[in-house]
2 protein chains.
Amino acid sequence: MKVYLTISRQLEMDIRDYFSPGDYLPPEARLAERFGVNRHTVRRAIDELVANGLVQRHQGKGNMVLRQPQQYRLHEGAHFTGCLLEQGSLPSSQVICSRLVTASDKLARELGIEPEQKIIQLQTLRHMEGIPRCVINHYLSDPQWWPAIKHFQQGSLHGFLKRALSVELKRESTRLGARAPSNEECRLLQINKSVPVMRIKTRNQLKGSNRIAEYSVSSARADLIEYVVEH
Amino acid sequence: MKVYLTISRQLEMDIRDYFSPGDYLPPEARLAERFGVNRHTVRRAIDELVANGLVQRHQGKGNMVLRQPQQYRLHEGAHFTGCLLEQGSLPSSQVICSRLVTASDKLARELGIEPEQKIIQLQTLRHMEGIPRCVINHYLSDPQWWPAIKHFQQGSLHGFLKRALSVELKRESTRLGARAPSNEECRLLQINKSVPVMRIKTRNQLKGSNRIAEYSVSSARADLIEYVVEH
DNA sequence: TCCCATTTGTACGTATGTATG
DNA sequence: CCATACATACGTACAAATGGG
């Protein structure tokens, strides 16, 4: 029997019984000592856990438990179902970071502005039942909103814009795709590369105008989220 | 710069220039010698190619090239854009197979019928520009349609139903997700496991009734298709 | 800022097991 | 049975990231 597979299974059981998501496994060196094998063999075993999305490696820190083995049966019911049109008005989002950036060519095109202009970037993360499920990058074309926006912490972005700036937004377009997650998405959503993310790109106009005020890209864990379209 | 990454990139270029899908790379030992590195380092480089779906390992035989690197640049423009609501009415679909099957519990639930009943299954594949992009499984709850349906070869299913059976369907629900492709989807869409598929599940009622007449599951290559939602 | 201990990441070397033809 | 080629496992060393003093 392959050593790394038996170790991998033992670690799975350990995780189930003694660890919680967010915990760090013992250092590889210690595990190697405990199992009486070389550190490479432990690494190979942990590779399996990483490939199965159970564990995430953090250089210099350790190997973090993402979730329990019995929880990672994908696509077996118990999905969350989101509404496709609620983007930006989600009440339970939390701001990860917000800053002024210069618009890339691509972003400028989406926002209908000239490249190199300053825009506001806002990154929010949405949890449900304590699990991060969706990360959204909002791009706002009007840098004059910055003094107000930088105090936005959590809740509904569109609600905040209305309250703080008397601005109302109207959906102009919605595009829908899927792809393998970026490294940053893996980190924020606590997944690994094998779990696709669904991506929703929306453009929102200022109400009563046809200028694009906001462009947002949402990435949702495809193993936990399913969207419904309203008819 | 990390050695294994530069080797991996060199191998990608070699594959593009000198290898065809189905070819075998030189043995790892030879590559190690050629690059002046240890065999483990070559293995690590090939791991990257395997993870990107470029190469498959065959113990005792060698490492087989699956496809060319330039084919797998994902999400770099030149997407096809589909409309989310056109399912079943696609004119350019081609029937892969059609048959009478017994409904599983899951399908019965979706169709609102009892399990074990006979239903019609229709599998269609949609090409665009010669590339298979979307495979759809249609399930029709009324087996009496079978004599007519079994002659359906290509075109719009909903159009055919209207012409041949005077039946009109109306969308009742649309659900949207993404996941890694099944083996069958890999085969039909000519992709490998690293390319996610977007899945659209729809339920269609008989017009003027609320019985579900059709349940369909569409799987589209997420690297080539983006859907737009009409407002 | 800098140093240091800890921990993961990369790279080398060697040996043996296992599948293929 | 044999040669070839990939798979696993041992060992060693140093690089790179992290966090605390």
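Chain identifiers are assigned alphabetically (A, B, ...) following the order of the sequence lines, protein sequences preceding nucleic acid strands; residue numbering begins at 1 within each chain. Computed from a predicted structure; not experimentally measured.
Base-pair partner of D:dC1: not found among the strands shown (Watson-Crick or G-U wobble, both distances under 3.5 Å).
Computed from coordinates, the B:Glu33 CD to D:dC6 P distance equals 14 Å when rounded to whole Å. One interatomic measurement links the two molecules: CG of A:Asp47 to P of D:dA7, which rounds to 14 Å at whole-angstrom precision. Here D:dT18 presents its P atom at 10 Å from CZ of A:Arg187, a figure rounded to the nearest Å. A straight line from CD of B:Gln56 to P of D:dA7 spans 12 Å, rounded to a whole angstrom.
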5' to 3', nucleotides 6-11 of chain C under a 4.0 Å protein heavy-atom cut-off (B base, S sugar-phosphate only, - none) gives -BBBBB
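Residues passing the ring pair (Phe, Tyr, Trp, His ring centres under 6.0 Å) test with A:Phe160 are A:Phe152, sequence neighbours excluded.
Note on B:Arg16 versus B:Glu12: no salt bridge recorded, every NZ/NE/NH1/NH2 to OD/OE distance being 4.0 Å or above. Look at A:Lys201 and A:Glu110 and you find no salt bridge, because none of the NZ, NE, NH1 or NH2 atoms lies under 4.0 Å from a carboxylate O.
At most 12 non-hydrogen atoms from other residues, nucleotides or ligands lie less than 6.0 angstrom from CD of A:Glu33. Environment of NZ in B:Lys193: crowded, with over 12 heavy atoms of neighbouring residues, nucleotides or ligands closer than 6.0 Å.
Applying the ring pair (Phe, Tyr, Trp, His ring centres under 6.0 Å) test to every pair with at least one member in residues 169-204 of chain A, sequence neighbours left out, gives no pairs at all.
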